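No experiment lies behind these values; they were computed from the predicted model shown. First the proteins, then the strands, lettered A, B, ... as listed; each starts at 1.
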Amino acid sequence: MAASLSMSVDVYCVAPNPSDLKRPNFFTRPYRQQSHKNFTIFCCSSQSPPKLEEPQKKPSLSDQLRPLSTTVLPYNEKTPSHLLSKPHKSTWINPTKPKPSVLSLNRQKRSPYSYNPQIRNLRRFAKQLNDCDTSSHEAFLAVLDTIPRPLTKENALLVLNYLKPWEKAHLFFDWVRSQNLFPMETIFYNVIMKSLRFGRQFGLIEQLANDMIDNGILLDNITYSTIITCAKRCNLFDKAVEWFERMYKTGLMPDEVTYSAILDVYAKLGKVEEVMSLYERGRANGWTPDPIAFAVLCKMFGEAGDYDGIRYVLQEMNNLGVQPNLVVYNTLLEAMGKAGKPGLARSLFEEMVDSGITPNEKTLTALVKIYGKARWARDALGLWERMKSNRWPMDFILYNTLLSMCADLGLEGEAERLFEDMKQSESCRPDSWSYTAMINIYGSGGKVDEAMELFEEMSELGVELNVMGCTCLIQCLGKAKKIDVLVRVFEVAMDKGIKPDDRLCGCLLSVVSFCENDDDLSKVYWCLQRCNPRLVAFVRSIEQGKTSFETMKEEFKAILSNTEVDARRPFCNCLIDICRNKNLHERAHELLYLGTLHGLYPGLHKKSAVEWSLDVRSLSVGAAQTAFEEWMTSVSKIIERREVLPELFSAYTGAGTHKFSQGLPAAFASHVKRLAAPFKQSEDKAGCFMATRDDLLPWLQSRLPSPAALAASI
DNA sequence: TTAGGGTTAG
């Protein structure tokens, strides 16, 4: 035995499959910590960022899931007794001997059924039950009396299969059971459970499962997989795992359907290690996963944006000779999009079409989204042409995604044509998403009147306004300084019961940052007060300039903790802009420091031996100016300490072509010009400002080092 | 939905 395989393993583990050793190690990536130091963002020390609460986390569920090594797969009644002792102690397992089983390689067989001559009568009867009024128990019983006789097991099962919604199926199930005509076998429970799963009735399903146990009725793989997937759909992940464990404890081995169902449970919880552990144990057990299992893995790695993981899945499928089907391709495309690989998504799509698979709505939606995000106008429009010429399937989600793509790419004319197409169509009429996309397009193009026309049209046609549409419109009105109209839109939205979210607050806060007169400012504050009074109180306290740094730090942390992750950086950007507009430069620097401390600006500064660079693309104009000053102050300190400097310094603002660009390159250019800093726009790379060490040194040495002094010299 | 698992929208 090769030394590398002579390893001690826990009794529950199977010996490693050598092919698994080729897998890229995506579990042990180094955690990159944001470095910082009090009031100096770019001279690093190693203090940990203060922990912010994640508002969307549900620790109560996932925390209940104990590690797999101590729960799932420990043993069953068939496990040899010598393996059950002292599970904590390492035991040598010879890989050439049979491995402990984790799943059955044979799927559960379904019992064959023969043609039922009464099928037409039974279907007619089921339809009568489906049509009858459930609110009247008597009416239901009256129809039940007319059931074709004799009421055999096969007849009852057929009727149960046809009944919907779940309430009717459940009533019928109880009635059949009360008739005591034949024993209620497993299949009855399986059929009713599937119906209950449609209604997301996990409580009832669990009750029935316990009835089965109490009455000695066997739970099979179909029962368990239905219970597990119902729990999953109800977000009761702890219940899903609990039933999976119970299955092992009763000695029943899961087949691949149940196994991939539980893989999906762990995947949905983001428990990648547990999923991979199960997957590898299954593989070591001789399992060749089917496309559905691979789709689960793809989705999981896609959600994590883990490109190595996606590559691993592709490699595994290739090694095992498993051809991706349409769903796997769709999942892979989504995953490539989430991992930020538009080029690979495009090749994968072509590979799929070449292999003879026709894309469906989901495929095209995924791809349109990817091209839109990547701002690949030519590919997106080419795809649209192919959709039309090949008559590939379209639905309203695809239409709306196309509209959003047009918004991302600023394709106003194309969006107008699509929107008209939707209005003419029977099945894809514009809904609130479509109107929002159009408002977004007009709003980001500064076309206030067109955006407002759509807002009025929505009201006339009874299309529901949503918070996103409202935010886009307010943003556009704010930029156009139409504050009275903005307040009216806000009031209408509130009257319609729209719940303001953090994006809307961020949008109002940005309007605050560029309001020029007090009258307008008080109107916008009035709106913001209704959404987030704590934020208003915070801004007011900053503006007054009397709050201590420590107090501000604590309150800022509390506000961020209560803010959705995506809205945190915009909040901080706006707050910095507000401070700079009020000439509170010191406070702006403190806020940038706090934002960096909380990880809102990752990758702001990069160092190599030859070049140090500042990437301000995700910063507002005021925040970018503040970051630049802070950077230069840090470099000054490094000069004072006579440390080594690189030859080149660069600041990157981006080309400013994005629809949300606030003209950052131009604002940055005038800022460095005002400071007489030796940064020059690169001719090769738009939005990149370069300075050599030889130019920068004398300029910095002629300046005072403090940021406040730098700012004061503007 | 026709006894069990997987994929689409700011």
Rounded distance (Å) that lies between atom [atom2] of [N] and atom [atom1] of [X]:
X: A/Trp287; N: B/dG5; atom1: CH2; atom2: C1'; value: 10 Å
X: A/Phe294; N: B/dT7; atom1: CZ; atom2: P; value: 16 Å
X: A/Glu564; N: B/dG10; atom1: CD; atom2: C1'; value: 12 Å
X: A/Arg200; N: B/dT1; atom1: CZ; atom2: C1'; value: 13 Å
X: A/Arg107; N: B/dA3; atom1: CZ; atom2: C1'; value: 14 Å
X: A/Glu154; N: B/dA3; atom1: CD; atom2: P; value: 14 Å
X: A/Glu256; N: B/dG6; atom1: CD; atom2: P; value: 13 Å
X: A/Lys168; N: B/dT1; atom1: NZ; atom2: C1'; value: 15 Å

Hey, does [X] reach any base, or is it just sugar-phosphate, or nothing, if we go heavy atoms under 4.0 Å?
X: A/Arg197; value: sugar-phosphate
X: A/Ser404; value: nothing
X: A/Thr436; value: base
X: A/Thr471; value: nothing
X: A/Phe396; value: base
X: A/Asn400; value: base
X: A/Val191; value: sugar-phosphate

I want to verify a distance call: between [options], whose nearest atom is closest to the [X] side chain?
X: A/Asp290; options: B/dT8, B/dT2, B/dG5; result: B/dG5
X: A/Asp431; options: B/dA9, B/dG6, B/dT1; result: B/dA9
X: A/Ile292; options: B/dG10, B/dG5, B/dT7; result: B/dG5
X: A/Ile222; options: B/dG10, B/dG5, B/dA3; result: B/dA3
X: A/Arg110; options: B/dG5, B/dT8, B/dA3; result: B/dA3
X: A/Asp220; options: B/dG10, B/dA3, B/dG5; result: B/dA3
X: A/Lys299; options: B/dT7, B/dG6, B/dG10; result: B/dT7
X: A/Ile187; options: B/dA3, B/dG10, B/dG5; result: B/dA3
X: A/Lys362; options: B/dT1, B/dT7, B/dG5; result: B/dT7
X: A/Lys268; options: B/dG5, B/dT7, B/dA3; result: B/dT7

Indicate, yes or no, whether a donor-acceptor pair under 3.5 Å links the base of [N] to the side chain of [X].
X: A/Ser111; N: B/dA3; result: yes
X: A/Asn161; N: B/dT1; result: no
X: A/Thr365; N: B/dT8; result: yes
X: A/Asn330; N: B/dG6; result: no
X: A/Asn440; N: B/dG10; result: no

Q) Looking only at side-chain N and O atoms, does A/Arg233 come under 4.0 Å of OP1 or OP2 in B/dG5? A) yes
Q) Hey, is the side chain of A/Lys232 poking within less than 4.0 Å of OP1 or OP2 on B/dG5, counting only N and O atoms? A) no
Q. When you compare B/dT2 with B/dG6, how far apart are their P atoms, in angstrom units rounded to a whole number?
A. 13 Å
Q. Expressed in whole Å, how much space separates the P atoms belonging to B/dG5 and B/dT1?
A. 12 Å
Q. Closer to the 5' end of DNA chain B via nearest nucleotide, is it A/Lys338 or A/Lys109?
A. A/Lys109
Q: Quick one: which residue pairs count as a salt bridge (charged side-chain N to carboxylate O under 4.0 Å, His left out) with a foot in residues 352-369 of chain A, not counting sequence neighbours?
A: A/Glu334-A/Lys369
Carboxylate-amine/guanidinium contact [X] [Y], below 4.0 Å:
X: A/Lys268; Y: A/Asp264; result: yes
X: A/Arg107; Y: A/Asp290; result: yes
X: A/Arg346; Y: A/Glu350; result: no

Q: Show your reasoning for whether side-chain contact (heavy atoms from CB on, under 4.5 Å) applies to A/Phe396 and A/Met394.
A: CA-CA 7 Å; A/Phe396 74 102; A/Met394 301 265 302; over 6 Å; no
Q. Given the rule in the ring-ring contact (aromatic ring centres under 6.0 Å, His included) test, do A/Phe173 and A/Tyr189 qualify, once you have shown the distances and angles that lead to the verdict?
A. CA-CA 9 Å; A/Phe173 177 85; A/Tyr189 285 89; 5.2 Å; yes
Q: Check whether the aromatic ring of A/Trp433 stacks on the base of B/dG10, taking stacking as ring centres less than 5.5 Å apart and planes within 30° of each other.
A: yes
(Q) I'd like to know whether A/Tyr248 forms a side-chain contact (heavy atoms from CB on, under 4.5 Å) with A/Val102, so could you lay out the CA-CA distance, the side-chain angles of the two residues, the decisive distance to 0.1 Å, and finally the verdict. (A) CA-CA 9 Å; A/Tyr248 277 98; A/Val102 290; 4.2 Å; yes
Q: Would you tell me whether A/Glu416 and A/Tyr442 have side-chain atoms, one donor and one acceptor, within less than 3.5 Å of each other?
A: yes
